[in-house]
2 protein chains.
Amino acid sequence: MRTGSAEPAPRRRRGRPGYDQSAILRAAVELFNRKGYDATSMGDLAKELGLTKPAIYHHVTSKEQLLGQALDDALDELTAVVTEASRERAGATAHGRLREVVRRSVEVLVAHQPSVTLLLRVRGNSDVELAALERRRWLDDRLAGLVADAVAEGALRDDVPPALVSRLLFGMVNSLVEWYRPDGAHDPATVADAITAIAFDGLARHET
Amino acid sequence: MRTGSAEPAPRRRRGRPGYDQSAILRAAVELFNRKGYDATSMGDLAKELGLTKPAIYHHVTSKEQLLGQALDDALDELTAVVTEASRERAGATAHGRLREVVRRSVEVLVAHQPSVTLLLRVRGNSDVELAALERRRWLDDRLAGLVADAVAEGALRDDVPPALVSRLLFGMVNSLVEWYRPDGAHDPATVADAITAIAFDGLARHET
């Protein structure tokens, strides 16, 4: 259920030295995030890279191919994290797996911030975008199921609907892409600690 | 420090019956959110409304004017909520005012979802957008200050940096615009209760 075309970018290398697909993909994602995907043309991308349009088309077949690759990059990482967390296994409670998926999601969002940013802004304006939304829905369903399991095992409060908890918890995680700066005050571990502290234990000061 | 031009839309009514500025503004915001602002032309908007381009320009001077009005709509509401919450007053702790600003922000996001959605996607590609980002920063600073005050008065835990708490708390609130549906399962009060329950008390089940 991949949204884009076949090969991952780094393996295919052809064309003039200094530009490979992965460098073009990075520049494209940056431009899509800055100007908006629909407003960005292959001409804009060529200009950004200092290439001619034919030179770009030597490396990639279409703008949509670049979008699909970027969305797959984000979705493949998130899918791996969520699949692992959804797997029931000895010694791992649903609560423990939920905390772990929050932590690992933060790591993915930080390590793949440009492509996850693009993913979170997808509105479904093309087949590639609709396929990405379909994969996002699968992730959301798994996460809601994991929250429900953690409630059922008695670890989490049961007075907030699990589907709403899942939306809000991962809404908080996803907000990272809007404000996180790799060179800013907080490293990923601090952010992950803060999210789990807030979400699971709450902000209220507890007497200890 | 308004980002757009003068008058709020509903008061100015002119041109052919059946279309006033506020109807055009609503359609424009919906289109900007669906296609992206940069990818939307005044021709697209005219087509959406079944009007000619000259008929649109009879009502509004530019696409940027529509953007400015929509952003002001969102920002004026949020500024009113945050200004009220920032006002120190007898009998209202910073903690109480923070809980209140979360609740009222949810109400604004639900009541003005299209214009807040547009606001949260602004990237600073024009003077109007930069002015809106400036106003957003003012709001963020006030909210971070309020969190810091609530920590200082001893109501909130002090082991998570207040600036990070503020980002995450309002990241959770802002995520609403991405998934909230007015005809969906949850009314605004339920959502506001869920956010305050999660953020202040946490998801972990407490023995009572």
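Below, chains carry the letters A, B, ... as their sequence lines are ordered, and counting in each starts from 1.
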S.K.: If we ignore hydrogens and angles and just use 3.5 Å, is the side chain of Arg157(A) paired with the main-chain N or O of Gly202(B) as donor and acceptor?
M.R.: yes

S.K.: Rounded to the nearest 0.5 Å, how far apart are CG of Leu203(B) and CZ of Arg99(A)?
M.R.: 9.5 Å

S.K.: Checking heavy atoms, do the side chain of Leu176(A), its backbone, both or neither come under 4.5 Å from chain B?
M.R.: neither

S.K.: Highest number of heavy-atom pairs under 4.5 Å with chain B: which of Ala163(A), Gly36(A), Ala150(A), Ala199(A)?
M.R.: Ala199(A)

S.K.: Under 3.5 Å, is there a donor-acceptor pair between the side chain of Asn125(B) and the main chain of Arg34(A)?
M.R.: yes

S.K.: Take Arg205(A) and Leu156(B), measure what side chain to side chain contact (heavy atoms under 4.5 Å, CB included) needs, and give me the verdict at the end.
M.R.: CA-CA 5 Å; Arg205(A) 192 187 192 101; Leu156(B) 299 189; 5.9 Å; no

S.K.: Do Arg167(A) and Ser175(B) come close enough that some side-chain heavy atom pair is under 4.5 Å?
M.R.: no

S.K.: Does any backbone or side-chain atom of Thr40(A) lie under 4.5 Å from a heavy atom of chain B? Answer side chain, backbone, both or neither.
M.R.: neither

S.K.: Using only atom types and a distance under 3.5 Å, with no angle test, would you say the side chain of Arg123(A) pairs donor to acceptor with the backbone of Asn33(B)?
M.R.: yes

S.K.: Under a 4.5 Å cut-off applied to non-hydrogen side-chain atoms, are Leu169(B) and Ile198(A) in contact?
M.R.: no

S.K.: Looking at Val173(B), Leu164(B), Asp140(B), Asp38(B), which makes the most heavy-atom pairs under 4.5 Å with chain A?
M.R.: Leu164(B)

S.K.: Where does Ala197(A) contact chain B at under 4.5 Å (heavy atoms): side chain, backbone, both or neither?
M.R.: both

